[in-house]
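Here is the naming used below: chain letters follow the sequence lines, and residue numbers restart at 1 for every chain.
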Amino acid sequence: MSTNHFIAERVQQDNESQKYGGRVVTRFPPEPNGYLHMGHAKSICLNFGLARDFHGACHLRMDDTNPTTEDPEYVEAIKRDVRWLGFDWADKMFYASDYYQRLFDIALQFIDAGKAYVDDLTEEQISAHRGSVSEAGKPSPFRSRTPAENRALFLEMQSGKLAPGSKVLRAKGDLASPNFKMRDPLMYRIKNDHHYRTGTKWHVYPFYDFAHCFSDAFEGITHSICTLEFENNRELYDWYLRQVPFAGAPKAMPEQIEFARLNVDYTVLSKRKLLELVKDKHVDGWDDPRMPTIAGLRRRGYTADAIRKFCDMIGIAKANSLVDIGKLEFAVREDLEARSQRLLCVVRPLKVVIENWPAGKTEEVDAGGRKLPMSGTLYIERDDFDENPPKDFHRLKPGGEVRLRFAYVIKCERVVKDASGNVSELRCSYNPDPAHKAKGIVHWVSAEHCKDVEVRLYDRLFKDPNPDGGEAHFLTHLNPKSLEIVKAKIEPHGLSAEPSTHWQFERVGYFFADPVLSKPNAPVFNRSVGLKDSWAAKKEEPKRVEVQKTHAKVDKEFAPAPTPALAAKRDAYQKTHGFSLEEAVILTQDETLNAFYESAATKHAPAVGRWIVNELLRALKDRSVTELPFKAPDLTALIDLIETNAISRRAGKDVFEVMLKDGGVPSTIVDKLGLRQVSDSGAIEKIVRDVIAANAAQWAKLKGGETKLLGFFVGQVMKASKGQANPQLAQSLLEKSLK
RNA sequence: UGGGGCGUCGUCAAGUGGUAAGACACCGGAUUUUGAUUCCGGCAUUCGAAGGUUCGAAUCCUUCCGCCCCAACCA
């Protein structure tokens, strides 16, 4: 797993700052309510990969807080799949259900502290009370119950005597928060179902948000990585943790980091949908080779190495994306290419009789180490013969020649057809000279010696690249031809294939001896993936739609100035200092910023204004200018240094960074940093010469006409001078040297 | 409509003011008794759009556009 993504970077930073004392603990937290799929593989590779690369640990935790949907079968499947993918959680196997008591105690703490209450509202009422995007939530009439009352009620919820849905425990959040997750989140619900691990001990079960953050904290997780849809939950994650005096909080609290979940075209990756496929028998179980589950891929013949390679290829980022399934297939082919023994197998046989073959003769031909029996009657692939072939067809055609792989060249003398006009047999002759050349090669088996074998040709489960995407239900996109079972003719050696072994059927694809369907001497082969077929691609007509980009011009809209006085200034600034409308708008958008500008603009007003618009705003983000460690006159002084050419603008930015961080007087900072603009052409000329010498190859390219390299050279000169050179001067000297 | 995110090649994805990485796909060409593999070469004058700041912008500022997520007693 490569570790150059933003999450690894965050972990690295935390290590450097010693936020967790150098500890790195991640976790993979599946809920045992279904089988793991490719999306989980991405998360597993990420979490275990991080732990490995940073010498930390990755916990495997069953996030089992819902007795209704969970099952021990899934726990076993999950463990098997993680292990198969090549990861080891050592002794770090955990269950959220083991934390029920601790979680319950924390809930009691919330209650006693007046931070949680038992609510009798119905589900619909709670929803209605939550408010909307434009209005705050309304408090539940039960929000003001006393801690004692809430405690008694919560204990009663746990007694088992209450009906599910009759009461919930809620945290007192912020009903006015723009984040719905904060509007009195639910902590516990009543469920009287049997739990697969705790049986009937519990009648209240914690919700995800409440259980997950504390589970992480209990285990000392440092980086709690989840998918994008939990971004809104992060505020609540942090909030819950801060409410309880806890080891590490708030400084070393686990941090939740989100990344984009995996989407792959021509398939679905949601446990709910996969469960539907299994339950409604659209596939043959969770490990059906058409399923994108780890178990399905494994049975299809995909390897753990290939899946890990695929996860490496797609990277980790925050943009929603739909990955081309071809990438997975590439990873699979690459891996299988190296590890598969070769076999000759004719999937759709066409009989070939070699008329000049000596009657009754069997010859053993050498096929790279193994022997292949050859006789006068053969099978070749139906697709390898075409009566009316397209241009560049290298295979068999009437009167044409083709080489039998590892054997002789044959020539098609006659085509035999059945009553309905279908080609039933080819009459051929062979050329006994093994050195005789032919353009194409074809695989074959001897009719007399070959064996019948069951081959399962799997194709993508859905016809549509994005079965989840459109209006239609995903099942309507099911590919009716996702499985074709054929009886193939295989060379005798093929029968010895042990279950779970990988093979390449030459010119056809990679196949896997099915671990459950195969019998001794009767393997069943699953097609893992076909060979890359550039001939098939060539036959298809090119289809490429040019997308015309539209360059629409947009008019800017600005909010009116907050006060008439500011509105007046807005006009005045444009007239007196030559500001554009948008610059004037920014400088008059609020009183404080405007006051800051006014008191800084005692000199070089346009430059001061532009600096505020383009530099200060970036540094400010959501802060106010009053929080800055320096005052308006300091900014004036900085601009003065730049405008009078005492320092370069580039150096001015460095000074500004220091001011932002520690405050201080610009001229003092300039002295401390040793920044004085170098406008002496002799000094710059020397730097220019050095830079040219050090980058001879690029210089040659620039001389050759790659003008964009000029910027690169200016940059190098700036760097060499520590930002002190006058860039215009540097550029003109470079241009002069160019001639 | 409030909030949280995200827009870089057909598809993923680096890039953090100084030459637009890499991979898949695609297109050549070489080698080949698998139209596979391997090898070599080509593939973003431009980063959602438009303006601006700067010697220099994918990166900083402004406005606009598009997509995803959030008002589950699921996780």
Side-chain angles (χ1 to χ4, degrees), chain A residues 4-5 29 31 33 63 65-66 68-69 123 126-127 130-135 137 164-165 168 177-181 183 186 188-191 205 207-209 212 228-235 258 260 265 271-272 313-315 317-324 326-327 330-331 333 337 342 392 394-395 403-407 438 440-441 443 504 506-508 531-538 544 549-558 580 582-583 585-586 610-611 613-615 617-618 649-650 653 698 701 706 708-716 718-719 726-731:
Chain A
N4 50 347
H5 48 72
E31 188 190 9
N33 63 351
D63 207 4
T65 54
N66 187 351
T68 326
T69 55
E123 193 175 346
I126 287 174
S127 177
R130 191 125 37 202
S132 68
V133 287
S134 49
E135 49 185 321
V168 287
S177 172
N179 182 355
F180 287 112
K181 298 280 179 210
R183 323 246 265 220
L186 278 60
Y188 271 89
R189 78 282 217 183
I190 299 169
K191 273 182 186 279
Y205 290 89
F207 283 97
Y208 166 84
D209 288 297
H212 204 91
L228 250 30
E229 66 269 27
F230 290 99
E231 273 173 325
N232 293 316
N233 301 54
R234 187 175 61 235
E235 188 182 354
E258 311 86 13
D265 58 9
K271 274 203 232 170
R272 211 208 79 233
M313 285 171 67
I314 57 176
K318 291 194 73 166
N320 285 316
S321 59
L322 185 62
V323 175
D324 181 355
K327 279 192 176 63
F330 167 84
R333 286 194 193 100
E337 159 70 23
R342 312 286 132 132
D392 294 328
H394 294 174
R395 306 169 187 183
R403 174 171 298 280
L404 299 175
R405 167 116 245 233
F406 302 122
I441 298 170
H443 59 281
Q504 189 202 90
E506 292 205 33
R507 303 209 317 126
V508 180
L531 251 31
K532 189 177 166 188
D533 190 351
S534 49
W535 168 242
K538 209 171 178 173
R544 186 145 294 182
K549 284 188 181 175
T550 50
H551 290 250
K553 192 136 183 161
V554 286
D555 284 325
K556 295 195 179 186
E557 285 170 31
F558 298 106
S580 67
E582 76 181 66
E583 287 166 332
V585 164
I586 294 165
R610 292 216 166 86
W611 193 277
V613 169
N614 292 298
E615 305 295 334
L617 239 47
R618 165 183 57 86
R649 198 188 152 83
R650 160 76 174 260
K653 286 193 172 191
Q698 281 92 335
K701 274 200 235 167
E706 263 190 65
K708 63 184 173 183
L709 280 170
L710 188 60
F712 164 72
F713 276 95
V714 176
Q716 291 301 307
M718 293 306 288
K719 201 173 278 174
N726 177 318
Q728 286 100 323
L729 189 54
Q731 182 154 339

Got a salt bridge between K181(A) and E235(A), using NZ or NE/NH1/NH2 to carboxylate O under 4.0 Å?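 Salt bridge absent between K181(A) and E235(A).
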
For K532(A), is there an ion pair with E337(A) - N to carboxylate O distance below 4.0 angstrom? no

Roughly how many Å apart are [M] and [N], using the [atom1] atom of each and rounding to a whole number?
| N | M | atom1 | value |
| --- | --- | --- | --- |
| C9(B) | U46(B) | P | 13 Å |
| U53(B) | U63(B) | C1' | 15 Å |
| U11(B) | A25(B) | C1' | 7 Å |
| G42(B) | C6(B) | C1' | 32 Å |
| A58(B) | A49(B) | C1' | 14 Å |
| G51(B) | C12(B) | P | 28 Å |
| G18(B) | G52(B) | P | 23 Å |
| C68(B) | G29(B) | P | 43 Å |

Strictly by Watson-Crick or wobble contacts shorter than 3.5 Å, is anything paired with [N], and which nucleotide is it?
| N | answer |
| --- | --- |
| A13(B) | none |
| C6(B) | G66(B) |
| U32(B) | none |
| A44(B) | none |
| A21(B) | none |

Got E31(A) and T69(A) here, is their nearest side-chain heavy-atom distance under 4.5 Å? yes

Beyond-backbone contact of K653(A) with W611(A), side-chain heavy atoms, under 4.5 angstrom: yes

Among [options], the nucleotide that comes nearest once only the side chain of [X] is considered:
| X | options | result |
| --- | --- | --- |
| W535(A) | G52(B), G35(B), C70(B) | G35(B) |
| K318(A) | C6(B), C61(B), G18(B) | C6(B) |
| R395(A) | G10(B), G35(B), U34(B) | G35(B) |
| R130(A) | C73(B), C74(B), C24(B) | C73(B) |
| N614(A) | A36(B), C73(B), C60(B) | C60(B) |
| A319(A) | C73(B), C55(B), C6(B) | C6(B) |
| D63(A) | C73(B), A75(B), U19(B) | A75(B) |
| E231(A) | C12(B), C73(B), G4(B) | G4(B) |
| M718(A) | U53(B), G18(B), U19(B) | G18(B) |
| N232(A) | A14(B), G5(B), G3(B) | G3(B) |

At under 4.0 Å between heavy atoms, what does [X] touch on the DNA or RNA strands: base, sugar-phosphate, or nothing?
| X | result |
| --- | --- |
| L531(A) | base |
| F230(A) | base |
| A331(A) | nothing |
| R405(A) | base |
| V613(A) | sugar-phosphate |

Treating [X] as the side-chain partner and [Y] as the backbone partner, does any N or O pair qualify as donor plus acceptor under 3.5 Å?
| X | Y | answer |
| --- | --- | --- |
| S132(A) | S134(A) | yes |
| N179(A) | N232(A) | yes |
| R342(A) | E506(A) | no |

For a quick check, tell me whether the side chain of [X] and the base of [N] share a donor-acceptor pair closer than 3.5 Å.
| X | N | answer |
| --- | --- | --- |
| N320(A) | G7(B) | no |
| R507(A) | G35(B) | no |
| D533(A) | G35(B) | no |
| E582(A) | G51(B) | yes |
| K708(A) | U45(B) | no |
| R650(A) | G18(B) | yes |
| R403(A) | U33(B) | yes |
| K532(A) | G35(B) | no |
| Q698(A) | U19(B) | yes |
| Q504(A) | U34(B) | yes |

Identified side-chain contact (heavy atoms from CB on, under 4.5 Å) partner of Y208(A) from the options N66(A), D63(A), T65(A): D63(A)

When you measure from the side-chain N and O atoms of [X] to the phosphate of [N], is any distance below 4.0 Å, counting only OP1 and OP2?
| X | N | answer |
| --- | --- | --- |
| T65(A) | C74(B) | no |
| K653(A) | G56(B) | no |
| S132(A) | U1(B) | no |
| R183(A) | G3(B) | no |
| R342(A) | U33(B) | no |
| Q728(A) | C55(B) | yes |
| R234(A) | G3(B) | no |

Nearest whole Å is fine: how far is C74(B) P from K271(A) NZ? 15 Å

Rounded to the nearest 0.5 Å, how far apart are CD1 of I314(A) and CG of D324(A)? 12.0 Å

